[in-house]
There are 2 protein chains.
Amino acid sequence: MSKSSLELTPVETVACCSPLTKEPLSGEQAERIAPLLKALADPVRLRLLSLVASHSDSEACVCDLNDAFDLSQPTISHHLKVLHEVGLLDRAKRGVWVYYSVRREALADLGALIGGVAS
Amino acid sequence: MSKSSLELTPVETVACCSPLTKEPLSGEQAERIAPLLKALADPVRLRLLSLVASHSDSEACVCDLNDAFDLSQPTISHHLKVLHEVGLLDRAKRGVWVYYSVRREALADLGALIGGVAS
DNA sequence: TCCTGACATAGACGAGCATCGATATTGACG
DNA sequence: CGTCAATATCGATGCTCGTCTATGTCAGGA
């Protein structure tokens, strides 16, 4: 169930919109952006994202991430899947291990959309 | 500003944190930021915010906002309350009308936190 | 080949949330 | 005072979401 070429991840549609404060969002635009923010709007996922992002080589093994929380392994797996599905995290399997990395331009676009900075 | 955190709105605690990608968020920081994003993570609230923000004098009357959606008046009122409670919207009552305005520095801080731009 | 360890999926349960209709509150005005 | 109009609050309802346990999948080593 990798990404289909027909469907853009939510994150890929964000760059199309001017900042929130520039002009009113259309209903359709809002419907596309909300899932992205919804993916971010959870304390566990926020920490996961920032943990991955601040890892030395911008890549983190799931095994490390599991240990950082007091939650079950399936729960962490679920959160990582959510972040991956909206396009905020990339996923790479090497042997038995899976590594996630942050799509920084996606975060930058989203930040610009909210903060009003030109991208 | 340290953490004797009394009753700051969520938005007022965001400026304390370095960008997501700089260093791992603490559990406590994540718990404070998540409600803010949760407030934004709804298509109706996104449109409300951008409607208010792009109004000519950065202020919008509830009566105008109601008409922009196909939702009941209590629902719009509820969404505005959510945005106000987290500190993204300011509220001013003049006569019978209520005007909401965007706290731009709040949005800017949040954008910087996500996008990684220094604030 | 079988076992073990890393990670994902499935299904269930409880809490939270978006929405509604009904009702309360508040201010203006006759 | 009484009424109307703008907005908020309340209580109910159905759906979404975060978490769990149990189980599946897949790669590597003895």
Side-chain angles (χ1 to χ4, degrees), chain A residues 1-3 10 25 27 30-49 51-52 55 59-86 88-101, chain B residues 10 25 27 30-49 51-52 55 59-101:
Chain A
M1 72 162 155
S2 39
K3 178 176 56 172
L25 239 45
E31 297 278 355
R32 278 202 304 263
I33 300 172
L36 242 177
L37 289 163
K38 206 164 279 189
L40 264 185
D42 178 277
V44 175
R45 290 197 285 267
L46 269 178
R47 290 185 63 198
L48 277 171
L49 200 79
L51 266 176
V52 173
H55 237 246
E59 224 184 24
C61 174
V62 175
C63 52
D64 296 331
L65 299 174
N66 273 321
D67 297 344
F69 296 84
D70 203 22
L71 293 168
S72 70
Q73 173 264 319
T75 297
I76 300 298
S77 184
H78 162 71
H79 286 307
L80 289 169
K81 183 183 180 184
V82 170
L83 288 170
H84 174 59
E85 282 177 344
V86 298
L88 287 173
L89 285 185
D90 271 335
R91 188 175 181 278
K93 185 165 188 176
R94 282 202 291 276
V96 187
W97 294 277
V98 172
Y99 297 82
Y100 283 94
S101 54
Chain B
L25 239 46
E31 297 278 354
R32 278 201 303 264
I33 300 172
L36 242 178
L37 290 163
K38 206 164 279 189
L40 265 185
D42 178 277
V44 175
R45 289 197 287 267
L46 269 177
R47 289 185 63 196
L48 277 171
L49 200 79
L51 266 176
V52 173
H55 237 245
E59 222 184 25
C61 174
V62 175
C63 51
D64 296 330
L65 300 174
N66 272 323
D67 296 344
F69 296 83
D70 203 21
L71 293 169
S72 70
Q73 175 265 321
T75 297
I76 300 298
S77 183
H78 161 71
H79 285 307
L80 289 170
K81 183 184 182 185
V82 170
L83 288 170
H84 173 59
E85 281 177 343
V86 299
L88 288 172
L89 285 185
D90 271 335
R91 188 177 182 279
K93 185 166 189 176
R94 284 202 292 275
V96 188
W97 295 276
V98 173
Y99 296 84
Y100 284 94
S101 55

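Chain A is the first sequence line, chain B the second, and so forth, proteins listed ahead of strands; every chain is numbered from 1. No hydrogens, no waters, no symmetry mates; every other heavy atom, side chains included, goes into these values.
- Between B:S72 and the phosphate of C:dT19, there is no side-chain N or O to OP1/OP2 separation shorter than 4.0 Å.
- Partner of B:Y100 under the side-chain contact (heavy atoms from CB on, under 4.5 Å) criterion, out of B:L80, B:L49, B:L83: B:L80 alone.
- In this structure, the side chain of A:R45 engages the main chain of A:K38 through a donor-acceptor pair within 3.5 Å.
- Taking 4.0 angstrom as the limit, A:R91 places a side-chain polar atom (N or O) nearer than this to OP1 or OP2 of C:dA8.
- Once rounded to the nearest 0.5 Å, the distance linking CG of B:L25 with CD of B:E31 reads 10.5 Å.
- Counting non-hydrogen atoms under 4.0 angstrom, B:Y100 reaches the backbone sugars and phosphates but no base.
- A:L37 places its CG atom 17 Å from the C1' atom of C:dA18, with the value rounded to the nearest Å.
- Residue A:L83 contributes atom CG, which lies 16 Å from atom C1' of C:dA8 at whole-angstrom precision.
- Rounded to whole Å, the distance from CG on A:L80 to C1' on D:dT19 is 15 Å.
- Regarding B:W97, its CH2 atom lies at a distance of 8 Å from the P atom of D:dT7, rounded to whole Å.
- For B:H78 and D:dA8, the shortest distance from a side-chain N or O to OP1 or OP2 is not below 4.0 Å.
- Distances shown here put a side-chain N or O of A:H79 below 4.0 Å from the OP1 or OP2 atom of D:dT19.
- At least one side-chain nitrogen or oxygen of A:T75 sits closer than 4.0 Å to the OP1 or OP2 atom of D:dC20.
- Regarding contacts with the backbone of C:dG27, every side-chain N or O of B:R94 stays at 4.0 angstrom or more from both OP1 and OP2.
- Nearest-nucleotide positions on DNA chain C for A:C61 and B:V96 put A:C61 closer to the 5' end.
- At the phosphate of D:dT9, OP1 or OP2 sits under 4.0 Å from a side-chain N or O atom of B:K81.
- A distance of 12.5 Å separates CG of A:L71 from OG of A:S77, quoted to the nearest 0.5 Å.
- In this entry the distance linking CG of A:D70 with C1' of D:dT19 reads 12 Å, nearest Å.
- The CG atom of B:L65 sits 15 Å away from the C1' atom of D:dA8 (whole-angstrom rounding).
- One finds the SG atom of A:C63 at 12.5 Å from the CD1 atom of A:I76 (value rounded to the nearest 0.5 Å).
- Distance, B:L71 CG to D:dA8 P: 15 Å, rounded to whole Å.
- Contact of B:Q73 with D:dA8 (side chain to base): a donor-acceptor pair of N or O atoms is detected under 3.5 Å.
- Here C:dC7 is the nucleotide among C:dT9, C:dC7, D:dT7 with the atom lying nearest to any side-chain atom of A:V98.
- By the 4.5 Å heavy-atom criterion applied to side chains, A:V44 and A:T75 are not counted as neighbours.
- Proximity of B:S77 to the phosphate of D:dA8: a side-chain N or O atom is located under 4.0 Å from OP1 or OP2.
- With D:dC17, D:dT9, D:dT19 as the choices, the nucleotide that has an atom nearest any side-chain atom of A:K38 turns out to be D:dC17.
- Checked against D:dT7, D:dC20, C:dA18, the side chain of B:C63 finds its nearest nucleotide in D:dT7.
- Judged by closest nucleotide on DNA chain D, B:Y99 is the one of B:Y99 and A:V82 placed further toward the 5' end.
- Between the NE2 atom of A:H84 and the C1' atom of C:dT9 there is a distance of 15 Å, rounded to whole Å.
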